[in-house]
Amino acid sequence: MEFKTKQLSDVTAEVVLKASAEEVEESFQRAYRKAQGKGKLPGFRKGRVPLEMVERHLGDSVAEEAARELIAEGFDDVVSELAPAPISIPRFELESFERGKGAQIKGVYDTMPKVKLGKYKKLKVTEDQAVVDDEAIGAELEKLQQQHSTLRTREEGAAAKDEIVTIKLE
């Protein structure tokens, strides 16, 4: 299968696949064999219909499946050789697809963008210094002390400020 690529923009490219008449016929034969396994005709068990009968019965109605087979096989053959390399599956469109004449298929796919770096060698960077005052440190220490404090029972003595008191009143 022949192919040509063309860069459309910085991030898209086009590939045109050209298939010979033999390749189109092979894709039709694969489509007939696929239909043979699923098809049922009177007088034959399912999947046991002779290939000639399937061809005669279905005719060109398997053209869509044959086109899919041709696109899948053709793209698998050329994907490693495409330049620029694709990062997505192409959106294909049939331009021509005829038995005995061949096929031409056009696909558009996304590529990696080309990045150009500016002048970065002489850039000056200043680092901001965090300023922490004593009040913020004290507040954070007080919060940590409250979080990690434990509650202890004291039996005697007077209650002080911020202590928890349990009273039994009768």
Side-chain angles (χ1 to χ4, degrees), residues 1-41 44 46-137 139-141 143-144 147:
M1 184 168 290
E2 298 175 26
F3 71 95
K4 292 181 186 174
T5 58
K6 178 176 146 185
Q7 188 81 29
L8 297 178
S9 70
D10 289 341
V11 293
T12 58
E14 175 183 79
V15 62
V16 178
L17 304 172
K18 291 183 181 179
S20 65
E22 293 82 26
E23 291 170 325
V24 172
E25 189 58 38
E26 287 174 19
S27 68
F28 266 95
Q29 293 303 317
R30 281 193 303 275
Y32 285 134
R33 281 193 294 278
K34 197 178 226 182
Q36 180 185 23
K38 298 176 186 174
K40 181 172 180 358
L41 285 177
F44 296 98
K46 183 177 180 181
R48 300 293 184 190
V49 180
L51 192 58
E52 299 81 31
M53 294 286 288
V54 172
E55 287 182 40
R56 200 168 350 140
H57 183 70
L58 295 177
D60 285 342
S61 65
V62 295
E64 186 176 338
E65 182 64 31
R68 277 195 207 117
E69 291 279 334
L70 184 65
I71 290 171
E73 181 185 328
F75 184 67
D76 283 346
D77 290 346
V78 301
V79 70
S80 61
E81 301 171 24
L82 291 178
I87 60 171
S88 67
I89 297 173
R91 295 167 294 284
F92 285 106
E93 178 181 312
L94 285 173
E95 290 186 336
S96 65
F97 184 76
E98 293 183 42
R99 252 179 137 165
K101 290 189 178 179
Q104 184 166 337
I105 305 155
K106 184 183 355 176
V108 178
Y109 60 91
D110 297 327
T111 62
M112 291 293 287
K114 294 178 182 169
V115 178
K116 295 178 184 174
L117 292 177
K119 296 180 181 179
Y120 65 93
K121 297 262 184 188
K122 296 181 181 179
L123 287 178
K124 303 278 187 213
V125 178
T126 58
E127 186 177 339
D128 294 336
Q129 295 294 327
V131 178
V132 182
D133 58 343
D134 290 338
E135 286 182 22
I137 292 173
E140 190 64 28
L141 285 174
K143 189 167 88 175
L144 284 171
Q147 286 177 354

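No more than 12 heavy-atom neighbours from other residues, nucleotides or ligands sit within 6.0 angstrom of CD1 on Ile89.
Counting heavy atoms from C-beta outward, Phe3 and Glu81 have side chains that approach closer than 4.5 Å. Put simply, the side chain of Arg33 reaches to within 4.5 Å of the side chain of Leu51, judged on heavy atoms. In this structure the side chain of Asp110 reaches within 4.5 angstrom of the side chain of Arg91, judged on heavy atoms. Considering only heavy atoms from C-beta on, Met53 comes within 4.5 Å of Leu41 through its side chain. Contact check for Pro84 versus Met112: no side-chain heavy atoms found under the 4.5 Å cut-off. With a 4.5 Å cut-off on side-chain heavy atoms, Lys18 and Met1 do not count as touching. At a threshold of 4.5 Å between non-hydrogen side-chain atoms, the residues Thr111 and Pro86 do not count as touching.
For Phe75 and Tyr109, the gap between ring centers reaches or exceeds 6.0 Å.
Glu73 contributes atom CD, which lies 11.0 Å from atom CG of Leu17 (distance to the nearest 0.5 angstrom). Atom OG of Ser20 sits about 8.5 Å away from atom CD of Glu2, to the nearest 0.5 Å. To the nearest 0.5 angstrom, Tyr32 atom OH is 7.0 Å from Leu58 atom CG. In this structure, Lys6 NZ and Lys106 NZ are separated by 8.0 Å, a value rounded to the nearest 0.5 Å.
Shown here are the side chain to side chain donor-acceptor pair (under 3.5 Å) partners of Gln104, two or more places apart in sequence or in another chain: Glu95.
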| query | Can Glu26 and Gln29 be said to form a side-chain contact (heavy atoms from CB on, under 4.5 Å), step by step? | reply | CA-CA 5 Å; Glu26 287 174 19; Gln29 293 303 317; 5.6 Å; no
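Contact record, Val24 with Ser27: O-OG, 2.6 Å, taken as the closest heavy-atom pair.
Arg99 and Asp60 are joined by a salt bridge, as a carboxylate oxygen and a charged side-chain nitrogen come within less than 4.0 angstrom of each other.
Under a 3.5 Å cut-off, the side chain of Glu14 and the backbone N or O of Thr5 do not form any donor-acceptor pair.
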Pairs under 3.5 angstrom only: tabulate donor-acceptor contacts from the side chains of residues 118-135 to other protein residues two or more places apart or in another chain.
| from | atom 1 | to | atom 2 | distance (Å) |
| --- | --- | --- | --- | --- |
| Asp133 | OD1 | Ala136 | N | 3.4 |

Report all side-chain donor-acceptor pairs from residues 65-72 shorter than 3.5 Å, counting only partners two or more places apart or in another chain.
| from | atom 1 | to | atom 2 | distance (Å) |
| --- | --- | --- | --- | --- |
| Glu65 | OE1 | Arg68 | NH1 | 3.2 |
| Glu65 | OE2 | Lys34 | NZ | 3.0 |
| Arg68 | NH2 | Glu64 | OE2 | 2.6 |
| Glu69 | OE1 | Arg30 | NE | 3.4 |
| Glu69 | OE2 | Lys34 | NZ | 3.4 |

